[in-house]
Amino acid sequence: MNDLHTLSLCDIRDQLARGERRPSEVVEACLARTAATEPKIHACITLCAQEARAAAAALEAAGPPTPAQKLWGVPVTLKDVLCTQGIRTTAASRMLENFIPPYDAFVVKRLKEAGAIILAKTNLDEFAMGSSTETSTYATTSNPWCIERVPGGSSGGSAASVAAMQAYGSLGSDTGGSIRQPAALCGCVGIKASYGRVSRYGSISYGSSFDQVGPLARTVKDAALLLSVIAGYDEQDAACADMPTPDYSACAAAKKDLAGLRLGLPREYWQEGLAPEVEQACLAAVETAKSLGATIQEVSLPHFRYGVAAYYILASAEASTNLARYDGVRFGLRSGPETDIVQSYTATRSQGFGEEVKRRILLGTYALSSGYYDAYYTKAAKIRRLILQDFEQALAGCDALLAPASPVVAWKFGAYKNDPLTSYKMDVLTLSLNLAGLPGLSLPVGLAAESHLPVGMQVIGRAFDEEGIIGIAAALEAAMPQLGMPRGL
Ligand code: GLN
């Protein structure tokens with residue numbers, strides 16, 4: 001077997017563009033790598049081998065690439081919440097087991113226009129609710145660094161497929177950390193852009209005021225290129241910002257040091273519950289930032305500690321509303337008698353949804369019920385505003401913030417099976433950014449001293465300053481040792 005799969009996305013893209021490789025050759029290399037690694041990691045729900053081969057042949061027939069085809073012939077995977085025309089899209093739920101979308105999500109359309117090839121639809125927590133990919137109906141995905149451990153979640157299949165080098169990049173979605181946290185646990189780069197930067201049209205909704213689609217890749221430059229391709233205005237998503245898209249690849253390439261930059265360490269992120277080996281790896285990256293010329297200062301986010309509670313009330317409330325559409329009439333599964341709408345509705349939703357999704361629907365419906373709306377929903381919405389104000393204040397005096405992405409490294413399967421509350425608390429370091437709508441990038445900063453598992457650090461920026469955080473991450477990445485091949489394969 002050749003080792004084409006070990007190249008970075010940008011390197012394979014360049015070789016393809018120069019005509020040194022053919023798309024079909026690259027697709028075969030990725031399919032071979034997927035066949036070799038999938039029995040161990042189970043990253044994919046649906047492998048699109050036939051479609052990928054056909055797409056490669058079509059590109060070759062129409063080639064060479066045009067300047068707009070920035071990903072010509074590059075195989076990527078997609079979290080299975082992104083609608084793909086003619087290819088089953090399940091959200092890892094029994095509810096959508098046989099759902100074949102009649103259209104592509106906006107980001108999928110953008111990828112195809114850029115010449116990317118879809119290799120597989122990847123596993124996730126059901127409807128993106130979870131932090132370990134264990135709530136999927138279909139498979140248990142393993143972390144390529146240690147197959148007895150979770151890859152994180154909910155975009156765990158995307159992160160595992162990228163870390164295992166099945167594909168050069170992937171798209172995930174991040175409602176409370178689902179790109180950044182699995183990226184951290186699998187040793188990848190993940191970007192959640194500002195709320196409104198990327199269209200969610202055709203992305204299966206979880207919490208609509210939080211959801212962002214974004215890239216996972218093996219380097220900052222690779223993730224930046226993917227973001228350049230998918231970002232931009234789309235009138236089909238009412239929350240999509242109508243503003244120009246900067247060239248993120250250029251900022252990933254431009255930044256060589258951090259001279260003159262002020263970087264804040266939000267005290268609250270570095271306190272409670274942080275595993276010592278995670279803290280140590282992240283502090284070493286902070287030292288690297290210093291050595292590159294950055295000034296480091298401590299900042300504070302006083303309402304940080306209310307984030308988990310506010311997020312789980314608001315996100316569950318939105319989920320309960322969004323998931324009302326799965327009624328057995330319009331989408332997906334239908335169970336129960338055809339003659340009784342109430343029984344059919346009950347049977348469909350009882351059988352179609354898993355335990356965690358039902359828990360969220362119950363929590364959300366409760367928080368929105370008339371007697372409790374003010375006590376829970378309104379209060380959480382107020383906290384959300386205070387959290388944003390804290391960030392704005394901190395970022396007024398700093399160019400960006402540095403903070404760990406997950407309090408712990410990848411954990412063993414089943415560790416939080418009967419303890420949903422503790423697993424919710426594990427999102428404490430990522431979900432504030434979704435409450436505030438700010439951009440964050442998770443960067444691998446090394447292997448933890450004891451567990452030898454990857455650690456990720458977030459670079460957090462001002463609203464719509466993806467350029468800033470990508471530049472900082474690129475400079476840090478260049479100054480730090482690479483993680484190398486995942487050790488669990
Ligand atoms: N773990 C969080 C949740 O379950 C975040 C998930 C996500 O970002 N999709 O809500």
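For the numbers below, each heavy atom of this structure counts, side chains included, while hydrogens, waters and symmetry mates do not. In each ligand, atom 1 is the first atom listed, and ligand 1 is the first ligand listed.
- Not a single heavy atom of Glu356 lies less than 4.0 angstrom from ligand 1.
- With sequence neighbours left out, the salt bridge (charged side-chain N to carboxylate O under 4.0 Å, His left out) criterion links Asp327 to Arg330.
- Here Lys79 has no heavy atoms under 4.0 Å from ligand 1, in either its backbone or its side chain.
- By the criterion of a heavy-atom distance under 4.0 Å, both the backbone and the side chain of Ser178 are placed next to ligand 1.
- Summary of contacts: the protein heavy atom closest to atom 2 (C) of ligand 1 is Asp427 OD2, 3.1 Å.
- Proximity of Leu185 to Ser406: side-chain heavy atoms (C-beta onward) are separated by under 4.5 Å at one or more points.
- By the neighbour-count criterion of 12 heavy atoms within 6.0 Å, atom CZ of Arg462 is densely surrounded, having more than that number from other residues, nucleotides or ligands.
- Between Tyr312 and ligand 1 there is a heavy-atom distance shorter than 4.0 Å.
- Atom OH of Tyr138 has more than 12 heavy atoms from other residues, nucleotides or ligands within 6.0 Å.
- The shell of residues lying under 4.0 angstrom from ligand 1, judged by heavy atoms, excludes Ala315.
- Of all the heavy atoms of Tyr311, the ones lying under 4.0 Å from any atom of ligand 1 belong exclusively to the side chain.
- Ser300 has its side chain within reach of Arg267: a pair of non-hydrogen atoms, C-beta onward, lies under 4.5 Å apart.
- Between Glu126 and Thr135, the side chains place no donor N or O within less than 3.5 Å of an acceptor N or O (distance only, hydrogens not considered).
- Heavy-atom contacts of Gly176 reach the following atoms of ligand 1: 5 (C), 7 (C), 8 (O) (cutoff under 4.0 Å).
- Near Ala128, meaning under 4.0 Å from any of its heavy atoms, are these atoms of ligand 1: 6 (C), 7 (C), 9 (N).
- Both the backbone and the side chain of Thr175 come within 4.0 Å of ligand 1, judged by heavy-atom distances.
- Between Arg359 and Glu356 a salt bridge is recorded (basic side-chain N to carboxylate O distance below 4.0 Å).
- Residues satisfying the side chain to side chain donor-acceptor pair (under 3.5 Å) test with Ser154, not counting sequence neighbours, are Lys79, Ser178.
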For this session: Kindly determine whether Gln85 and Lys109 satisfy side chain to side chain contact (heavy atoms under 4.5 Å, CB included), including the steps that lead there.
Result: CA-CA 10 Å; Gln85 187 173 12; Lys109 193 164 158 273; over 6 Å; no

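- Here Tyr206 has side-chain heavy atoms under 4.0 Å from ligand 1, and that is the only part of it that gets that close.
- For ligand 1 and Met129, the ligand atoms under 4.0 Å from any heavy atom of the residue are 4 (O).
- Below 3.5 Å of separation, one finds an N or O of Gly177 facing an N or O of ligand 1.
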